[in-house]
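Quick notes on the structure that follows.
Here is the naming used below: chain letters follow the sequence lines, and residue numbers restart at 1 for every chain. Every heavy atom of this structure was used, including side-chain atoms; hydrogens, water molecules and symmetry mates were not.
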Amino acid sequence: MSVTASDGADKPAAAHQDETPPPRISRLYSLAAVLSLAGLADAIFLTVEHLSGRSVRCTVTSGCSEVLGSPYAVIAGYPLALLGALAYFTAFSLATLAAFGSRRAGNFLALLVALMFAMTLWLLYLQAFVLEAYCQYCLLSAAITSLLVVIVIARRATK
Amino acid sequence: MRRKLPIIIIVGVLLVALAGGALLMHPSRTLSTATLPSPSTPTPRAVNTPGTSTTRPAVATTVAPGTHLRGRSDAPVLLEEYADFQCPPCGFVHPILKRLESEYETQLRVAFHHFPLRTTHKHAAEAARAAEAAGVQGKFWQMHDLLFEKQKEWKDAPTARPLFLTYARTLGLDLEKFTRDIDSTVISNRVMNDETSGAARGVTGTPTVYLNGRELAFEDVTNYNTLRALIEREIAAKK
């Protein structure tokens, strides 16, 4: 009961905060959301390429076949790119919520981006030293994640 | 409304992402279905003798002279493969093709064309020459099979030649002749001719497989049941 009473007491205050002054939309988090969208599109493309088998075929021009056809491109039977798509979608959601003022979403985003960056470094290592082949779509994803790291650090530094 | 806006944006993006993914998958499905030929539809690229369309067309004779062929010359179905011995998906497809070849012994003829991806596979061209060199001694297909079966053994080796010599020895080849042939210009030209013919047909990756002249989608080639169904349809179409 006391919870209800407390909720009832908090809600008008929160609503009041929302209306005056309206929360400013963070430009840095908005940029992070847009970048996450680009990463999401890239990861969806790679997932579809993998599932349809198109990228798995060896080709003359791209190292993608070497990278996406390798055992490292699959986790528990699912394409790694699918995990990437989920990560980018989560990053997009958190960045959007953070842009609209959620501090907690900002904290989770920082944690997620750190994990994504660690994964990116591992995948770059695999491409450079194990597979000795580069997939341009994977490199694009690495660039996006690196930019997300820069944005999260910049945001935290300017707080 | 302002509070709900981020949720609306997130849900909207989720829906767009799912729809986008489904749309991207769609062309591949269409291609896959398109490769299933209707028995009444003549296959493109296959050479049909005018006026004999109701009888069995001489499809199996449409390959270039010198092409490596396995199976009966009067087989109604010709499966042509452009492959690279070092390409892992080609190694994956190999047992599927072998199984179908034995199942359709009298109805399926297989042609092999080299398409070594020289820039990505360092031993691919040498492997192709090794198969050709074995072919000079009448053992092309035996070496072809061995190279695919042992692919994992040689594909990452610093130098593949000692392993190729071991395979040649296993097949009982004259090693001196094999070594001479593998580096000969004639053999090298044969491999390059295949690459040129593949490029002219629009081959850009391996394995690329044609069934009676019709290019198959990759996912159809890697699936035994689908490929079997496609072969069955071709057989039915030629009856």
Counting heavy atoms not belonging to [X], are there more than 12 under 6.0 Å from its [atom1]?
X        : atom1 : result
A:Phe108 : CZ    : no
B:Lys122 : NZ    : yes
B:Phe140 : CZ    : yes

Can you measure from [atom1] ([X]) to [atom2] ([Y]) and round to the nearest 0.5 angstrom?
X        : Y        : atom1 : atom2 : answer
B:Leu23  : A:Ile44  : CG    : CD1   : 11.0 Å
B:Ile10  : A:Leu94  : CD1   : CG    : 7.5 Å
A:Leu131 : B:Thr120 : CG    : OG1   : 12.5 Å

Tell me which of these, A:Thr47, A:Leu40, A:Thr96, has more heavy-atom pairs under 4.5 Å with chain B than the rest.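 The residue among A:Thr47, A:Leu40, A:Thr96 with the greatest pair count is A:Thr96.
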Would you name the heavy atoms of B:Gly21 and A:Val48 that are closest together and state the gap between them?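 Where B:Gly21 meets A:Val48 most closely, the heavy atoms are O-CG2, 3.7 Å.
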B:Ile7 versus chain A, heavy atoms under 4.5 Å apart: side chain, backbone, both or neither?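 For B:Ile7, the contact with chain A is made by the side chain alone.
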Report which part of B:Thr222 has an atom under 4.5 Å of a heavy atom belonging to chain A: side chain, backbone, both, or neither.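 It is neither, since no heavy atom gets under 4.5 Å.
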